[in-house]
Amino acid sequence: MPIMSDVRPRPDEAEPSRRVPGADESTVTNGARPRRRWVAGAGAVVLVLVAGAAMVVNRYPDDARPQPGPAPLRTSASKSAASPGDGPPYVAVPQFTSTAARDTAFVGDVAPFSTWPSGTVSYGVMSSMPGGSDISDFRTAVIKDAKAVCEALAGGTDMNEVPDAVGLPLTDQVDQAGFIVEAATFYCPDQMAAVTDGVYSQPVPTEQREDCPTARALEVSASVEEQSGDDLIHTASYSVEVHNTSSYTVRAQLQQRWFADGYPGEDEWESFGDVTADPVVTIEAGDTFTYEGEQSGIYRWERTEVRVQPGQFVFIGCGYQPGPGTAGTDEE
């Protein structure tokens, strides 16, 4: 198993080109993580939840935007509202054509939260210090936690007690609030009144574009640059590029295999890169991840291949457009 790199870009700044610690021959260039959707001030969880829900529900005109805090939101509620665009108590919630489309959009929605705990089996792959987990483990875990949030809300658990009641692993109060609101939005919109302390109470299903890309949106190339060696050890330097052709930032897990005369492992996909390389990379929309490394051994290395490990990727923010706009339109 490779030793995971513990270097990650902050959510609000790009990561510069960097050399992997302990491997002078390996250089990695990577994109920054996307900016977090949730921006809220300090305060009780309920207040953050209400303010957060307003961000998910609708993008109001400047002269009609509710102010943070429960009181202004309550006064803006209108019993005569007829659609999500009219504001509270109506709230637009996403409607998908399949469970798979909903799950994919939800995972991409919560993936950029910045406080997933380090060193855990389920969440380490998204933390600043990867714990060796796969992206599929993260996907399974966040969906399970979202459904647990819905069960707690349906059971009457007080909003402030939900994180502890379900063991929500996020450590930041704002991220906890954001996760709870998103869980209700995707998996139990009938609990929106509980999430927003009664401000939003009438969910209106809104069709989504369901535009999440597949792994084919990542164009991967790998080539052997130079070969050297003697009668015992052969070394090949190589370079890898992964170009993200999609309009969404992606977090992807890479695999690699080598080919050489007599080498028995040609059919085996192994962890990507040198022993110090992190096989999980983040690539912003339109950007290219580049890597240079060396392979040494008793075989004369002829070529190498790199791929995105099947099922081990997540496109950030795809498949879900918050607000009352409908599928196939540009309305926000």
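Quick note: residue numbers are just sequence positions, from 1.
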Spacing of [atom1] belonging to [X] relative to [atom2] belonging to [Y], to within rounding of 0.5 Å:
X      : Y      : atom1 : atom2 : answer
Glu292 : Ser239 : CD    : OG    : 6.0 Å
Ile180 : Asp145 : CD1   : CG    : 10.5 Å
Ile298 : Leu232 : CD1   : CG    : 9.5 Å
Ser223 : Tyr238 : OG    : OH    : 11.0 Å
Gln191 : Ser201 : CD    : OG    : 12.5 Å
Ser133 : Met126 : OG    : CE    : 8.5 Å

Could you check whether any side-chain N or O of [X] sits under 3.5 Å from a backbone N or O of [Y], counting only pairs where one atom can act as donor and the other as acceptor?
X      : Y      : value
Gln202 : Pro89  : no
Asp137 : Asp134 : yes
Arg251 : Val125 : yes
Thr288 : His243 : no
Gln208 : Gln321 : yes
Ser237 : Glu226 : yes

Does Glu225, at its CD atom, have more than 12 non-hydrogen atoms belonging to other residues, nucleotides or ligands within less than 6.0 Å?
yes

Verify side chain to side chain donor-acceptor pair (under 3.5 Å) between Thr304 and Gln256, making sure each step is shown before the conclusion.
CA-CA 7 Å; Thr304 185; Gln256 187 171 13; 3.0 Å; yes

What pair of heavy atoms forms the shortest contact from [X] to [Y], and how long is it?
X      : Y      : answer
Ala184 : Met192 : C-CE, 4.3 Å
Tyr200 : Pro88  : CE2-CG, 3.3 Å
Ala222 : Val240 : CB-CG2, 4.0 Å
Gln227 : Ala236 : CG-CB, 4.2 Å
Arg257 : Glu268 : CB-O, 3.3 Å
Gln255 : Pro310 : OE1-CD, 3.9 Å

For Asn244 and Glu284: C-alpha separation, side-chain torsions, deciding distance, then whether side chain to side chain contact (heavy atoms under 4.5 Å, CB included) applies.
CA-CA 7 Å; Asn244 180 6; Glu284 290 191 350; 5.9 Å; no

Using the six-membered ring of Phe259, assess whether NZ or CZ of Arg303 lies under 6.0 Å from its centre and within 45 degrees of the ring axis.
yes

Please say whether the positively charged group of Arg307, taken as NZ for Lys or CZ for Arg, lies over the ring of Trp269, i.e. under 6.0 angstrom from the six-membered ring centre and within 45 degrees of the axis.
yes

Scan side-chain atoms only and decide if [X] and [Y] contain a donor-acceptor pair under the 3.5 Å cut-off.
X      : Y      : answer
Asp211 : Tyr248 : yes
Thr115 : Asp175 : yes
Ser136 : Gln312 : yes
Thr276 : Asp274 : no

Do [X] and [Y] come close enough that some side-chain heavy atom pair is under 4.5 Å?
X      : Y      : result
Gln309 : Leu254 : no
Ile143 : Val107 : yes
Trp301 : Val224 : no
Ile316 : Val250 : no
Phe106 : Tyr320 : no
Pro322 : Thr185 : no
Val306 : Phe272 : yes
Asp172 : Phe179 : no

Quick one: do Val281 and Gln253 satisfy side chain to side chain contact (heavy atoms under 4.5 Å, CB included)? Show the steps, please.
CA-CA 6 Å; Val281 298; Gln253 212 157 322; over 6 Å; no

Trp116 vs Val142, test: side chain to side chain contact (heavy atoms under 4.5 Å, CB included). Steps then yes/no.
CA-CA 10 Å; Trp116 296 112; Val142 292; 3.6 Å; yes

Name the residue from Glu210, Glu207, Arg102 that meets the side-chain contact (heavy atoms from CB on, under 4.5 Å) definition with Thr97.
Glu210

Please lay out, stage by stage, how Tyr123 and Phe113 fare under the test side chain to side chain contact (heavy atoms under 4.5 Å, CB included).
CA-CA 11 Å; Tyr123 296 96; Phe113 286 1; over 6 Å; no

Fit a plane to each ring of Phe315 and Phe313, take the angle between them on a 0 to 90° scale, and name the class: parallel (under 30°), tilted (30 to 60°) or perpendicular (over 60°).
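The arrangement is perpendicular - the two ring planes meet at more than 60°.
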
Set out, in order, the CA-CA distance, both residues' side-chain angles and the distance that settles side chain to side chain donor-acceptor pair (under 3.5 Å) for Ser296 and Thr235, then state yes or no.
CA-CA 4 Å; Ser296 296; Thr235 300; 3.0 Å; yes

